[in-house]
Amino acid sequence: METLRRIEEKWQKRWEKAKIFEANPDPTKPKFFITVAYPYPNSPQHVGHARTYTLADVYARYMRMRGFNVLLPMAFHYTGTPVLAMAKRLAENDEDLVSDFVDVYKVPREKLKELTEPLAMARYFHQEIKEGMKEIGYSIDWRREFTTVDPHYNRFIEWQFHKLRERGYITRGSHPVGWCPKDGNPVGQHDTQGDVEPEIGEFTLIKFGHGEWVLPTATLRPETVFGVTNIWLNPKAKYVKAIVDGEKWIVSRECAEKLTYQNHKVTILESFDGRALIGKLVKNPATNEEIYILPADFVDPKNATGVVMSVPGHAPYDYVALENIKSEPSRLVEHGLKEDVIKTINAISIIETPQFSEVPAADVVKKMGIKEQTDPKLEDATKEVYRHEFHNGKMKNNTGKYAGLSVAEAKEKVKQDLIAAGKATIMYELLNRPVRCRCGTECVVKIFENQWFIDYGKPEWKALAHKCLEKMRILPEELRAQYKYVIDWLHEKACARKSGLGTRLPWDPEWIIESLSDSTIYMAYYTIARHIKEYEIQPDQLTDKVFDYIFLGVGNIGEVAEEAGINAKVLEEMRQEFLYFYPLDSRHSAHELIPNHLTFMIFNHTAIFPESLWPKQIVTNGLVTMEGAKMSKSFGNIIPLREGLATYGADPIRLSVLATAELLQDADFSPSVARAMRDRLERLYKLVIETAKTETSEKSQPSNEELTTIDKWILSRLQEHIKRATDAMEKLAVRKAIHTILFELDQDLQWYLKRAKATPKTATAYILDEVLKTQILMLTPFAPHICEELWEKMGGKGFASLAQWPNPDEAKVDVKAEESETFIATLLEDTAHIIRATGIKPTKIFYYTAAKWKWKAYLKAIEKSLEEKVEQASLIKELLKDEDLKGRGGVKEIADFIGKIIEEINKMPKERKERLMQIGMVDESRILETAKTFLETEVNAEIIIQKEEEKRYDPKNRAKMARPWRSAIYIE
RNA sequence: GCGGGGGUCGCCAAGCCUGGUCAAAGGCGCAAGGCUUAGGACCUUGUCCCGUAGGGGUUCGUGGGUUCAAAUCCCACCCCCCGCACCA
């Protein structure tokens, strides 16, 4: 571990000193521009965050070794409200947060006070994250770093929004948001107690008439208005009579207040208890039927209007409430109703569903054993009925013109019709009530006026986004469908808030552009960020015209430069640098940003830049879990990145977050994985140190004749591994790449070393040098520190990080050597099987190689099977034409033999057949003789090799079982 | 619900696109042996069932189907995870 640490620091310093990751335009080299979603500095990073960044870095390092001029920059996203909320919580000494910072992230306690200032907090964690990125060895060009609250960046965002507005993509309107009445602010997930997302639902208020008064019943299922049997009020709740937009309404007291947030003019006239209305009659506006108002405890005055229409046929709550009253009709008397009134009320069935009887609510209530209207299981019951009815339900004949429609259709139609007829209206309500603001106040829904939107709903814009997507490479490709879906689904997106850090909307400065809207095209900003710093360009010099020139090539350079007071040469340099690095070659993020950020990026690029500068690729990855569980504060299983680095080392962490899963899946991190990686690297380290000691003369490349079969074998395998690793890297199948490079290649190497030890005249020193150098180079993107060290130790020239990625050498592919080795391995396996099955402790093992005529028949059979599927009979006939074969094998033997091999041959993949044909007949005895010492040590017995067709010792008559590439075995 | 992903031999997880080399890689765990003062690490072997000869049997969510042949292709069903916005 100490060594590891030392190596890490050593190479990080050398990289920095040599500036090898600072990328400037170089017309002689192809460029590759990679960006990762910049981090939000409201807490330090944990190992989970490392996955996306490490993936991007590995890719950057790989492409660099493929000869590209790679730019990987980084910035910090200060925009938004979370950091404000956090600073506030910290100022209030919120225990959870303090313990998070102090216990989990090891922020020194005395620092906390400083961090109560939002910007200070952001700056602190910014540095923290940056340190971590350096310690893990990312190949970032830090000269281009910025934050989204830098005034220069603000100018850039202003320019972007001017462009969007010019193109007609900015609109203004109102929409419902979660709202804290006390703070006077919209609330998002991070603003609420328990971090719950306020879910806004749209209730239909159906206006039941009671004389001149309106009782607006709130429902999520307007289509059930035809099944209403009564109205529910909570007798104990406070209701009010109020003038709402000129109509006389009766609603709960809470509702009256809420309506004011939803643009209704409300004047409260009087207040009374719900019981006062029990037993009164109201008229259903859809059917004109007269029905009673009845009491129900489950009615929550805080939910919507506090007036509920009762549909016992299809709503479990209503069904149970009605049953309750029926079983206890005396309760009605206290409200001045006759007991027998209740007898006339029966569930009305208006929807038919295959899964249910006439009264679905009754089915489900009985199934779940629900007895009381306060039973929490009623929530599930409601969902179950709704789920089936929504999908499979049809409106019955008693629903007038809606008969025959599906529930999904009817729901929308009924709502629209009622609203159009003035018999209903809309009210928004929080579905997951109560949601409390961090300040403790219960949140409501407010219709936010004059909100600014980016209108992703514009069809012509969607068409551009689709076009961009079609041309893009999406990794993993499986998620393309999701992007398509999101592009179609997006509509107006509120793009500004009234609080938080960020850039002010240039034409309406009381609004601040929110974080998902100021992070869509900033990749372009990286290309000029270093000029801004180096030439000390001031924010006010960065006019729209300057950006127009740099990014769009619009305007006269002389005039623009003059006007902005920027040297024309510098301006042109910026334009050229942008054109060199743009378009973006690869964008990296976690999958969760597909529905917003990544798709916004596509949209905004198509809106602002010409087609040739649209992004070319998006790569996303799953999350990191911690020993199978989601990483979260509440589970207490967060490992801060820097702590992880200190404990396990940078390279092991890099490997750990990438080796356990491909892009699509979540990766599982655990200390044992990190340790395993570290141990694996240490083993490699030791092996290389050993190897490095060998005389250099021994490592020089021997001629082909000097190589033994096993030497050729490992070199051939090496080419295969290079090919596989390269293919995997091209698809960013990093898990596969790591497995190939670190494990599969190693397995072969171990086998080689074992074989070489028992084989005379191998070129082991040369082979080890060759294999290890290749392995180290391929491992460099993943474990750059240790690889640099080992590369140096092995006498590699320059930085491994800048060396060329290995190319497979076709000349070293040797199919014969590979088949020979498979032959040995299979034989060893078979031998072991026999020993195990028989329980013999072997002293002597006899191997009998197949007779020549078998080889002839075998190859003939393969040849035939390449043309067509071979049948036993026809094949035998064919073979018997050959007099030579017939004479040597005999008809019966040939038939027996063919019988044995025919199945094997028909199952054999085509490539293998071709390979075997290419190799032809081999001298198996010779192969076995060379491997004899090795085989003897492996099985710990004497090995005797004989030929089937020669005189031999064979008491059990086993030799006849010999097949080409599969010698017969006799053990004693 | 909509959209996306997934269900493989104790666990994790490859394979599935391009059917046959698949009883099915690899890792972890477990067992035995080696090494070691001991522990760890490391190495070897085994880890679905049966078998005194390299073999056989039953497996890849469930049920059907296509095929000489299916973990892989088709159909239906069941289950799990993620996203559905104004929030980074």
Side-chain angles (χ1 to χ4, degrees), chain A residues 37 39-40 42 77 79-83 175-178 186-192 195 197-200 383 386-387 390-391 408 448 451-454 456 476-486 488-497 500 514-517 519 591-597 600 622-623 625 627-628 630 659-662 664-666 668 670 672-673 675-676 679-680 682-683 735-736 739 742-744 747 750 822 826-827 829-840 869 903-904 906-913 938 956 958 961 966-971:
Chain A
Y40 189 77
N42 68 340
H77 200 192
T79 310
T81 51
V83 76
H175 80 124
V177 294
V187 284
Q189 190 174 346
H190 54 267
D191 303 313
T192 61
D195 283 340
E197 176 77 39
E199 287 174 50
I200 295 169
K383 276 185 192 142
Y386 181 65
R387 195 173 71 226
F390 187 79
H391 292 286
F448 218 49
Q451 173 68 268
W452 290 101
F453 297 99
I454 297 178
Y456 294 118
E477 175 61 33
E478 285 92 328
L479 296 178
R480 184 181 291 276
Q482 198 182 344
Y483 287 91
K484 278 192 188 162
Y485 177 79
V486 172
D488 284 332
W489 170 80
L490 284 174
H491 47 265
E492 295 103 331
K493 150 86 186 160
C495 64
R497 311 189 88 195
E514 61 83 48
S515 59
L516 284 168
S517 301
S519 57
H591 307 317
E592 50 182 9
L593 294 187
I594 295 173
N596 45 54
H597 165 72
F600 295 164
L623 319 161
T625 55
E627 298 193 272
K630 200 176 165 159
T660 63
E662 295 297 4
L664 201 54
Q665 261 92 38
D666 289 347
D668 193 42
S670 73
S672 70
V673 171
R675 270 197 300 271
D679 294 342
R680 184 66 200 75
E682 274 170 4
R683 217 165 78 218
R735 179 197 146 89
K736 186 168 190 175
H739 277 251
L742 208 49
F743 299 108
E744 287 168 28
Q747 267 174 28
Q750 294 307 321
T822 309
T826 311
L827 191 61
E829 233 172 72
D830 285 345
T831 309
H833 273 146
I834 296 169
I835 292 171
R836 192 152 50 93
T838 59
I840 298 173
K869 185 169 139 51
E903 196 189 351
E904 178 195 330
N906 275 331
K907 277 165 88 172
M908 206 181 269
K910 193 161 164 260
E911 305 81 69
R912 176 122 197 272
K913 287 179 189 169
E938 285 296 305
K956 285 264 175 85
R958 301 235 129 244
M961 286 185 68
R966 197 129 195 220
S967 302
I969 303 167
Y970 170 64
I971 300 177

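First the proteins, then the strands, lettered A, B, ... as listed; each starts at 1.
The base-pairing partner of B:rG83, taking Watson-Crick or G-U wobble contacts with both distances under 3.5 Å, is B:rC2. Across the strands present, B:rA38 finds no partner; the criterion is a Watson-Crick or G-U wobble pair with both atom distances under 3.5 angstrom. Judged by Watson-Crick or G-U wobble contacts below 3.5 Å, the nucleotide B:rG63 has B:rC75 as its partner. Nucleotide B:rU18: unpaired (no Watson-Crick or G-U wobble partner with both distances less than 3.5 Å).
Using a 4.5 Å cut-off on side-chain heavy atoms (C-beta onward), A:Met961 and A:Ile969 make no contact. Residues A:Leu742 and A:Arg680 form a side-chain contact, since some pair of their non-hydrogen atoms from C-beta on lies under 4.5 Å apart. Side-chain contact between A:Lys493 and A:Leu516 is present, with at least one heavy-atom pair separated by less than 4.5 Å.
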*I would like to know whether A:Thr79 and A:Ser519 meet side chain to side chain contact (heavy atoms under 4.5 Å, CB included); could you show each step before the answer?*
CA-CA 9 Å; A:Thr79 310; A:Ser519 57; over 6 Å; no
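Counting any heavy atom pair closer than 4.0 Å across all strands shown, A:Ile835 reaches no nucleic acid atom. At a threshold of 4.0 angstrom between heavy atoms, the contacts of A:Asn596 include nucleobase atoms, whether or not backbone atoms are also involved. Using a 4.0 Å heavy-atom distance criterion, A:Ala661 is classed as making no nucleic acid contact. Nucleic acid contact for A:Phe453: none, since no nucleic acid atom lies under 4.0 Å from a heavy atom of the residue. Backbone-only contact: A:Leu479 has heavy atoms under 4.0 Å from sugar-phosphate atoms and none from a base. Within the nucleic acid shown, A:Arg966 comes within 4.0 Å of at least one base atom, counting heavy atoms only. Residue contacts shown for A:Leu623 are absent, as no nucleic acid heavy atom lies under 4.0 Å away. When heavy atoms are screened at a 4.0 angstrom cut-off, A:Glu744 is found touching no nucleic acid atom at all. Residue contacts shown for A:Ser967 include a base, since a base heavy atom lies under 4.0 Å away. At the heavy-atom level, A:Glu492 lies under 4.0 Å from base atoms of the strands shown. The residue A:Glu478 sits close only to the backbone: its heavy atoms come under 4.0 Å of sugar-phosphate atoms, none of a base. Within the nucleic acid shown, A:Ile594 has no heavy atom closer than 4.0 Å to any nucleic acid atom. Within the 4.0 angstrom heavy-atom criterion, base atoms lie near A:Tyr485. Residue-level contact check: A:Ala481 touches the backbone only, with heavy atoms under 4.0 Å from sugar-phosphate atoms and none from bases.
Nearer to the 5' terminus of RNA chain B, by closest-nucleotide assignment, is the contact made by A:Thr660 (compared with the other of A:Cys495 and A:Thr660). Toward the 5' end of RNA chain B, the nearer of the two residues A:Arg683 and A:Ala968, judged by each one's closest nucleotide, is A:Arg683.
Rounded to a whole angstrom, the distance from the C1' atom of B:rA85 to that of B:rU66 is 45 Å. The separation of B:rA24 from B:rA70, taken at their C1' atoms, amounts to 13 Å, rounded to a whole angstrom. The separation of B:rC2 from B:rC77, taken at their P atoms, amounts to 12 Å, rounded to a whole angstrom. Comparing the C1' positions of B:rU8 and B:rC60 gives an interatomic distance of 4 Å, to the nearest angstrom. Nucleotides B:rC50 and B:rU62, compared at atom P, are 23 Å apart to the nearest Å. B:rG15 and B:rU59 have their C1' atoms separated by 16 Å, with the value rounded to a whole Å. Comparing the same atom, P, in B:rG54 and in B:rU36 gives a spacing of 39 Å after rounding to whole Å.
In this structure, A:Gln665 does not reach the B:rC82 phosphate: none of its side-chain N or O atoms is under 4.0 Å from OP1 or OP2. One finds a side-chain N or O of A:Ser515 lying less than 4.0 angstrom from the OP1 or OP2 phosphate oxygen of B:rA88.
Comparing B:rA53, B:rA88, B:rA14 by their nearest atom to the side chain of A:Ala837 picks out B:rA53. Minimum atom distance to the side chain of A:Pro595 is reached by B:rG83, of the listed B:rA88, B:rA53, B:rG83. Residue A:Glu514 has its side chain nearest to B:rA88 when only B:rA88, B:rA85, B:rG26 are considered. Closest to the A:Asp679 side chain, of the nucleotides B:rG26, B:rA41, B:rC86, is B:rA41. Nearest to the side chain of A:Phe600, among B:rA85, B:rA88, B:rG46, sits B:rA85. Relative to the side chain of A:Arg735, the nucleotides B:rA85, B:rA88, B:rA25 differ in distance, and B:rA25 lies closest. Taking every side-chain heavy atom of A:Ile834 into account, B:rG54 is the closest of B:rG54, B:rG46, B:rA88.
Between the side chain of A:Arg680 and the base of B:rA41, no donor-acceptor pair of N or O atoms lies under 3.5 Å. Checked by distance alone, A:His491 brings a side-chain donor or acceptor within 3.5 Å of a matching partner on the base of B:rA85.
Ring-plane geometry between A:Phe600 and A:Tyr456 is classed as parallel, the angle between the planes falling under 30 degrees on a 0 to 90 degree scale with a further cut at 60. A:His739 and A:Phe743 have tilted rings, their planes meeting at an angle from 30° to 60° on a 0 to 90° scale.
Taking atom CG of A:Leu516 as the reference point, atom P of B:rC86 lies 11 Å away to the nearest angstrom.
A:Leu623 and A:Asp666 get closest at one heavy-atom pair: N-OD1, 3.0 Å. Between A:Leu593 and A:Ala37 the shortest heavy-atom distance is CD1-CB, 4.3 Å.
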